[in-house]
2 protein chains.
Amino acid sequence: MKLTEAEWQIMKALWAEWPATARQIADRLSGEVNWAYTTIKTMLTRLTEKKALKETKKGNVSVYEPIISRPDAQRNALKSLVNQAFDGAFGPLMHFLLEDQKLPENQKEELLKVLKEGEQTGGGNGGV
Amino acid sequence: MKLTEAEWQIMKALWAEWPATARQIADRLSGEVNWAYTTIKTMLTRLTEKKALKETKKGNVSVYEPIISRPDAQRNALKSLVNQAFDGAFGPLMHFLLEDQKLPENQKEELLKVLKEGEQTGGGNGGV
DNA sequence: GCAATTCTACTACATATGTAGAAGCTGTCA
DNA sequence: TGACAGCTTCTACATATGTAGTAGAATTGC
């Protein structure tokens with residue numbers, strides 16, 4: 001499952017709160033994009049075909065809910081990026097992030113915290 | 001500058017060693033993809049139009065060299081991902097990587113090392 | 001009961017992307 | 001001095017993506 005840029009917008013609006021109608025989604029997006037209502041409907045239809053979300057009729061109105069969760073979508077996107085640009089290795093990506101992106105101090109600290117937590121919990125919820 | 005999946009393949013082959021001819025690039029890619037030579041030529045032409053690489057004639061043969069560096073391309077790709085999927089914040093991405101992707105211990109250690117180095121050098125080479 | 005509103009379903013169209021064939025130019029080896 | 005091989009440029013075509021109009025069904029406000 002590969003979401004396009006426009007599809008991410010839609011999905012984010014849906015993840016924010018669901019189930020939601022096309023109208024609700026359009027309203028949520030109205031501050032960010034300038035799409036016609038039918039454009040949004042088209043995207044919703046395509047996302048339904050792609051099994052990224054589920055459409056249910058309430059009377060004659062469709063309500064939508066995500067099938068893939070946001071973390072799953074993030075995982076997929078990240079995995080694609082890592083494979084494509086970083087030869088599949090997380091290490092170099094991290095390196096890159098840390099060396100190159102010049103994290104603000106507070107984020108470094110947060111990161112250290114997370115790293116230490118990780119040592120105890122061994123956390124995570126696994127696969128895609 | 002946004003590279004597509006196929007374009008990444010081409011660019012990676014070029015970054016590996018350049019300048020290079022279409023033939024050389026095709027040879028390098030022959031183990032990974034199964035594209036016709038003309039497909040590769042097409043991609044090279046498009047990448048030239050996109051200013052991702054530069055084409056120079058040596059006699060009647062074109063040699064190519066990258067205009068954008070691999071780290072720049074990585075930066076761009078990462079930035080896009082972060083904006084799209086992680087609301088522009090590196091912190092959550094890190095969190096996600098660390099908590100969710102279950103890094104092997106050795107990578108965590110490496111990461112810690114990088115973090116500590118960063119504290120002294122304040123390293124990095126700045127933005128795109 | 002009818003007009004205005006709101007949905008949905010269908011259709012459309014431009015640009016991007018993946019993929020490659022055809023035709024023509026040129027160098028080279030017999 | 002050709003015939004072949006390799007290279008280039010053009011053209012083509014399917015599918016994906018972004019974006020939206022139109023027509024007809026349903027809903028609602030009087």
Side-chain angles (χ1 to χ4, degrees), chain A residues 1-14 19-65 73 76-77 80-81 83-85, chain B residues 1-14 18-65 68 73 76-77 80-81 83-85:
Chain A
M1 250 306 307
K2 184 85 180 155
L3 299 175
T4 70
E5 208 162 317
E7 286 170 347
W8 264 97
Q9 292 279 303
I10 303 279
M11 289 304 289
K12 282 198 271 190
L14 184 57
T21 65
R23 178 60 54 189
Q24 289 173 320
I25 291 169
D27 287 346
R28 288 176 200 163
L29 287 172
S30 65
E32 300 163 49
V33 295
N34 207 37
W35 294 333
Y37 175 81
T38 50
T39 298
I40 289 169
K41 270 299 271 184
T42 302
M43 301 298 311
L44 286 168
T45 301
R46 289 185 187 166
L47 282 164
T48 304
E49 283 158 10
K50 282 192 179 185
K51 309 276 186 211
L53 50 79
K54 188 154 71 87
E55 182 176 3
T56 314
K57 288 278 182 193
K58 289 281 180 191
N60 70 319
V61 176
S62 292
V63 291
Y64 301 90
E65 59 185 291
N76 285 333
S80 292
L81 174 76
N83 284 327
Q84 186 145 90
Chain B
M1 252 304 309
K2 184 85 181 156
L3 299 175
T4 70
E5 209 162 319
E7 287 170 346
W8 264 97
Q9 292 278 302
I10 304 278
M11 289 305 288
K12 282 197 271 190
L14 184 58
W18 50 271
T21 65
R23 178 61 53 189
Q24 289 172 320
I25 291 170
D27 287 345
R28 288 177 201 163
L29 287 172
S30 66
E32 301 164 49
V33 296
N34 207 38
W35 295 334
Y37 175 80
T38 49
T39 299
I40 290 169
K41 272 297 273 182
T42 302
M43 302 298 311
L44 286 169
T45 301
R46 288 184 187 167
L47 283 164
T48 303
E49 283 159 10
K50 282 192 179 185
K51 309 274 187 214
L53 50 81
K54 187 154 70 88
E55 182 175 4
T56 315
K57 287 278 179 195
K58 288 282 180 192
N60 70 319
V61 176
S62 292
V63 291
Y64 300 90
E65 60 185 292
I68 60 171
N76 285 333
S80 292
L81 173 76
N83 284 328
Q84 185 145 89

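Everything numeric here is computed off the predicted structure, so don't read it as measured data.
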Kindly give the atom pairs (protein nitrogen or oxygen, nucleotide nitrogen or oxygen) under 3.5 Å for nucleotides 21-23 of chain D.
from: D:dG21; atom 1: N7; to: A:Thr38; atom 2: OG1; distance (Å): 3.1

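If you check distances only, the side chain of A:Arg46 does reach the base of D:dT19 with a donor-acceptor pair under 3.5 Å. The base of C:dT8 is not paired with the side chain of A:Arg23 by any donor and acceptor separated by under 3.5 Å.
Here the straight-line distance linking atom NZ of B:Lys41 with atom OG1 of B:Thr38 works out to 10.5 Å at 0.5 Å rounding.
Between A:Thr4 and the phosphate of D:dA16, there is no side-chain N or O to OP1/OP2 separation shorter than 4.0 Å. B:Ser62 has a side-chain polar atom (N or O) that falls below the 4.0 Å cut-off from OP1 or OP2 of D:dT8.
When side chains are defined from C-beta on, A:Leu53 counts as touching A:Met11, because their heavy atoms get closer than 4.5 Å.
Looking at B:Lys12, its side chain does come within 3.5 Å of a backbone N or O of A:Gln84 through a donor-acceptor pair. Here the side chain of A:Gln24 pairs a donor or acceptor atom with the backbone of A:Thr21 at under 3.5 angstrom. Side chain of A:Lys50 to main chain of A:Lys2: a donor-acceptor pair is present (N/O by atom type, distance under 3.5 Å, no hydrogens or angles).
In this structure, of C:dT19, C:dT17, D:dG18, it is C:dT19 that holds the atom nearest to the side chain of B:Trp35. Set against D:dG18, D:dC7, C:dA9, the side chain of A:Lys41 has C:dA9 as its closest nucleotide.
Nearest approach of B:Thr56 to B:Glu65, heavy atoms of both residues: OG1-OE2, 4.4 Å. When all heavy atoms of B:Glu7 and B:Leu3 are compared, the closest pair comes out as OE1-CA, 3.4 Å. Shown here for A:Ala13 and A:Arg28, the closest heavy-atom pair between the two residues is O-NH1, 2.7 Å.
For the pair A:Gln84 CD and C:dT17 P, the interatomic distance rounds to 12 Å; values are reported in whole Å. The nearest whole Å value for the distance from the CH2 atom in A:Trp8 to the C1' atom in D:dG18 is 18 Å. Rounded to an integer number of Å, the gap from CD of B:Gln9 to C1' of C:dT17 is 14 Å. As rounded to whole Å, 17 Å separates atom P of C:dA22 from atom OH of B:Tyr37. Atom CD1 in A:Ile40 sits about 16 Å away from atom P in C:dA9, given to the nearest Å. In this structure, CD of B:Glu7 is placed 14 Å from C1' of D:dA16, rounded to the nearest angstrom. Straight-line distance from the CG atom of A:Leu44 to the C1' atom of D:dA20: 14 Å, rounded to whole Å. When rounded to the nearest whole Å, the span between CG of B:Asn34 and C1' of C:dA20 equals 12 Å.
Atom CD of B:Glu5 sits in a sparse spot, with 12 or fewer heavy atoms from other residues, nucleotides or ligands closer than 6.0 Å.
Listed by residue number, the members of residues 49-61 of chain A with any heavy atom below 4.0 angstrom from DNA chain D are A:Lys50, A:Asn60.
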